[in-house]
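These notes concern the structure reproduced below.
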Amino acid sequence: MISFPQKQVSVRNALTGEEYLLVALDSIDPSEEAIERVTSICNEPLVYDWLFRKMLSGEPYPPSKAKEWFEWAAMGWAQNAFFVFGVLDPDGRLAAACDIKTADAAGAEVGYWASCGHRGIMTNALKGLIDLAKGAGFESLFAEVREDNVRSQAVLRRAGFCLSDQKPARAGHRMVFSVRMLTP
Ligand SMILES: CC(C)(COP(=O)(O)OP(=O)(O)OC[C@H]1O[C@@H](n2cnc3c(N)ncnc32)[C@H](O)[C@@H]1OP(=O)(O)O)[C@@H](O)C(=O)NCCC(=O)NCCS
């Protein structure tokens, strides 16, 4: 049974040294400003191209989708089914996000995005997520990455994930990386 004794942890931006906060998204107020912020990041070229262009058929990521994202994240926490985290910058503004997509303790998939204005935070945020996941009872995490998404692969490698042949990649030239939690 997955249970998070700790739902937040401080993470350092590796390039600036600034302290950010990785925190369960259900404790971030989905204010108009936060919704605007998520909308703006999800329309940044890198995030939009990798995660939303195909899904939205080239239409811009709308604020309504950001609002739904906050609601969906709250539902995940309430049902203990999936776990979305935000990364807040030192001013308390959302800079990045990451999630654990199921409560499968043996091996759950992670996902993430970061604003290009906050280079240097994603790897350490993912490391923070691994620590929290370990405390919650996850034994292993994995990520599926497109072969040409080299920035994402670099994040995974820096965070300690290894290219895995344990799980066959789905169609679309995806590579599977995984990390196992070390026992204390
Ligand atoms: C994937 C993504 C999150 C990567 O963001 P990023 O800013 O490159 O990631 P990081 O913050 O970890 O790294 C930024 C820089 O800091 C450096 N850095 C980060 N953490 C570091 C650490 N712990 N030690 C040393 N250097 C570090 C990196 O080397 C990198 O330097 P570079 O830009 O010169 O290569 C971002 O490109 C993104 O949101 N893409 C779209 C969504 C996506 O692809 N999601 C994944 C789907 S599988």
Side-chain angles (χ1 to χ4, degrees), residues 9-23 25 34 36-56 58-62 65-66 69 72-73 76 82-91 93-102 104 107-134 138 140-179 182:
V9 65
S10 175
V11 287
R12 191 177 291 272
N13 183 311
L15 299 181
T16 67
E18 290 174 300
E19 287 294 331
Y20 289 56
L21 186 68
L22 174 71
V23 58
L25 200 75
E36 264 174 39
R37 181 80 191 123
V38 172
T39 306
S40 162
I41 297 174
C42 292
N43 280 306
E44 287 180 10
L46 206 56
V47 176
Y48 182 77
D49 286 348
W50 282 115
L51 300 182
F52 301 114
R53 179 176 292 285
K54 197 170 163 198
M55 180 201 300
L56 297 172
E59 293 295 319
Y61 182 101
K65 216 164 161 45
W69 180 66
W72 172 78
F82 54 91
F83 312 96
V84 186
F85 290 82
V87 183
L88 300 176
D89 72 11
D91 297 324
R93 283 159 50 90
L94 206 79
C98 49
D99 63 8
I100 301 176
K101 298 178 186 302
T102 66
D104 184 352
E109 183 175 4
V110 295
Y112 43 84
W113 48 251
S115 166
C116 60
H118 294 274
R119 274 183 59 237
I121 194 57
M122 196 70 250
T123 300
N124 287 351
L126 192 55
K127 285 182 177 173
L129 184 70
I130 293 170
D131 285 345
L132 295 183
K134 184 178 167 187
F138 285 98
S140 157
L141 298 173
F142 71 92
E144 292 195 17
V145 193
R146 286 242 321 249
E147 233 170 19
D148 46 351
N149 195 347
V150 290
R151 291 201 77 80
S152 179
Q153 290 167 33
V155 168
L156 291 167
R157 289 186 199 279
R158 282 193 298 267
F161 285 69
C162 297
L163 191 56
S164 156
D165 55 4
Q166 299 296 306
K167 196 171 184 300
R170 285 201 296 254
H173 306 294
R174 283 174 182 271
M175 298 162 77
V176 182
F177 288 79
S178 61
V179 66
L182 299 173

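Numbering of ligands and ligand atoms starts at 1, following listing order.
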message = Checking Phe82 now: which residues fulfil side-chain contact (heavy atoms from CB on, under 4.5 Å) with it, not counting sequence neighbours?
response = Trp72, Met75, Val84
inquiry  = Once salt bridge (Lys or Arg N to Asp or Glu O under 4.0 Å) is applied, what residue pairs with a partner in residues 111-127 remain, sequence neighbours excluded?
reply    = none
Any donor-acceptor pair under 3.5 Å from Asn124 side chain to Asn13 backbone = no
request  = Could you give me the CA-CA distance, side-chain angles and deciding distance for Thr102 and Glu109, then say whether side-chain hydrogen bond (donor to acceptor under 3.5 Å, both in side chains) is met?
outcome  = CA-CA 7 Å; Thr102 66; Glu109 183 175 4; over 6 Å; no
key: Partner residues of Lys65 under the salt bridge (charged side-chain N to carboxylate O under 4.0 Å, His left out) criterion, sequence neighbours left out   = none
task = Using heavy atoms and a cut-off under 4.0 Å, could you grab the residues that are in contact with ligand 1, chain by chain, numbers ascending?
result = Ala14, Leu15, Leu46, Val47, Trp50, Leu51, Tyr112, Trp113, Ala114, Arg119, Gly120, Ile121, Met122, Thr123, Asn124, Glu144, Asn149, Arg151, Ser152, Val155, Arg158
task = Mark yes or no for whether Asn43, through its side chain, and Tyr61, through its backbone, hold a donor-acceptor pair below 3.5 Å.
result = yes
